Amino acid sequence: MEFRSDRTGKYFINTKTGEEIREEVKSPMQIAFEKNLRFLNRETYEIEVFERFFQPNKEIKTLLVGESDFPTGEVVLADPLAYLGTKYETDLARKIRSGSYPVELSFYYSKIVGIRIAAARLVISNHEAVRYELAMPKGYTTKDIGKQGVWSFFGVDMGLTCFSDLQVAEKYKEFIEQWGEEHPKGNIYTDYFAEFFQKSFEKYPDFQKDSGSFLLWQIPETEYRLILFASGMGDGVYSGYWGLDTEGEVTCLVIPFINPEYF
């Protein structure tokens, strides 16, 4: 069977007989996307799932983009263009030691969807993770999973994600508000961030789309660095997972975006 699409619609061709099958069909990309939705936001995964993201092969490459700053150690997951610094960000219950930590991105090279960020990892220690735990928001633990009104995921509505510190999120909010006051008719992405993403692409052209897929950026008039990166297949809801060592100490925080098996 071969999938085809033209002005008459989408259909399959039986390559042996030449027969056209005109029943309503889904494209390979749509099928993969729907499978991926069922893969995301699970309570837990086997450890091999997380390991596979960061084991380079012919289809997966990894890159340490730089370090993000965590002056308080209170971790936030959010879409920076839509929710960072607002009540809609997800502040996590677990804290980490204050400091600066590397962000590693996993890139999947797909024939269907091109270069996509399959997962992101905040590297907190060099200890090996032996298990992963769903990253719960403030006020909740994994014992609260499934209770009414409790969710562990965070929303993405502008196609970007970041690991942030709570204090950095506040400084980011101040910058965004000031920029908005100075540019009342402006668009923060097209009029400000797009240029930085383009420079990021020029520096790492083999790891992203030509419009840029990630950015190491310092909030103006502060010392705080923030790494912004594309969220896999784009908008949706995603979850973070703490990697824990044999002592139960945090080694990393991972956000899965896509399962490469589907694409």
Side-chain angles (χ1 to χ4, degrees), residues 40-56 60-80 84-85 89-107 117-142 145 152-154 156 160-172 214-219 222-232 238-257:
L40 296 171
N41 303 308
R42 297 180 183 177
E43 182 176 339
T44 187
Y45 300 87
E46 294 182 355
I47 193 169
E48 290 78 13
V49 172
F50 294 98
E51 292 175 343
R52 187 173 67 238
F53 284 127
F54 299 97
Q55 291 176 344
I60 293 178
K61 294 182 181 180
T62 62
L63 180 69
L64 285 169
V65 178
E67 293 188 342
S68 283
D69 297 308
F70 292 82
T72 69
E74 294 189 71
V75 183
V76 176
L77 300 179
D79 179 331
L84 186 62
E89 68 184 19
T90 298
D91 303 345
L92 300 185
R94 279 185 181 268
K95 291 184 63 175
I96 59 177
R97 293 189 181 90
S98 61
S100 301
Y101 298 98
V103 172
E104 184 177 17
L105 300 179
S106 167
F107 300 87
I117 297 177
R121 176 163 63 179
L122 183 68
V123 182
I124 298 165
S125 83
N126 58 5
H127 293 177
E128 181 182 0
V130 297
R131 67 183 180 90
Y132 285 82
E133 177 183 281
L134 190 59
M136 299 297 292
K138 272 185 181 179
Y140 300 100
T141 71
T142 53
I145 295 173
S152 61
F153 51 80
F154 63 98
V156 173
L160 290 175
T161 312
C162 68
F163 300 108
S164 179
D165 180 272
L166 188 61
Q167 183 171 311
V168 173
E170 286 297 320
K171 292 296 181 181
Y172 175 85
F214 61 86
L215 171 65
L216 171 59
W217 173 71
Q218 185 168 333
I219 302 174
T222 78
E223 60 184 353
Y224 299 136
R225 295 165 296 176
L226 191 63
I227 296 174
L228 288 60
F229 45 90
S231 50
Y238 302 94
S239 297
Y241 298 82
W242 294 109
L244 306 173
D245 64 17
T246 54
E247 303 297 321
E249 295 296 322
V250 170
T251 68
C252 61
L253 177 61
V254 177
I255 306 172
F257 292 119

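This is a predicted model, so every value here is computed, not measured. The first residue of the sequence shown is numbered 1, and numbering continues consecutively from there.
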Contacts of type ring-ring contact (aromatic ring centres under 6.0 Å, His included), residue Phe163, not counting sequence neighbours: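 Phe163 satisfies ring-ring contact (aromatic ring centres under 6.0 Å, His included) with Phe229 once adjacent residues are dropped.
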
Main-chain N/O of Glu128 paired with Thr251 side-chain donor or acceptor, under 3.5 Å: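 Checking the backbone N and O of Glu128 against the side chain of Thr251, no donor-acceptor pair under 3.5 Å is found.
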
Closest non-hydrogen atom pair, Pro256 against Ser239: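 Shortest heavy-atom contact: CD-O, 3.4 Å.
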
Gly66 to Leu216 - nearest heavy-atom pair and separation: CA-CD2, 4.2 Å

Partners meeting side chain to side chain donor-acceptor pair (under 3.5 Å) with [X] (sequence neighbours left out):
{"X": "Gln167", "answer": "Tyr224"}
{"X": "Asp91", "answer": "none"}
{"X": "Asp165", "answer": "Thr72"}

Side chain to side chain contact (heavy atoms under 4.5 Å, CB included) between Ile124 and Glu249, worked out: CA-CA 10 Å; Ile124 298 165; Glu249 295 296 322; over 6 Å; no

SG on Cys162 to CG on Leu77, rounded to 0.5 Å: 8.0 Å

Interatomic distance, Glu104 atom CD to Cys252 atom SG [nearest 0.5 angstrom]: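 It is 9.5 Å, given to the nearest 0.5 Å.
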
Which side-chain N or O atoms in residues 129-136 pair as donor and acceptor under 3.5 Å with protein atoms at least two apart or in another chain?
unit_1, atom_1, unit_2, atom_2, d
Glu133, OE2, Arg94, NE, 3.3
Glu133, OE2, Arg94, NH2, 3.3

Residues Trp242, Val75; criterion side chain to side chain contact (heavy atoms under 4.5 Å, CB included); working and verdict: CA-CA 11 Å; Trp242 294 109; Val75 183; 4.1 Å; yes

Qualifying salt bridge (Lys or Arg N to Asp or Glu O under 4.0 Å) pairs, either residue in residues 40-54, two or more places apart: Arg52-Glu261

Close aromatic pair by centroid cut-off 6.0 Å: Tyr45 and Phe53: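 So the answer is no for these two rings.
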
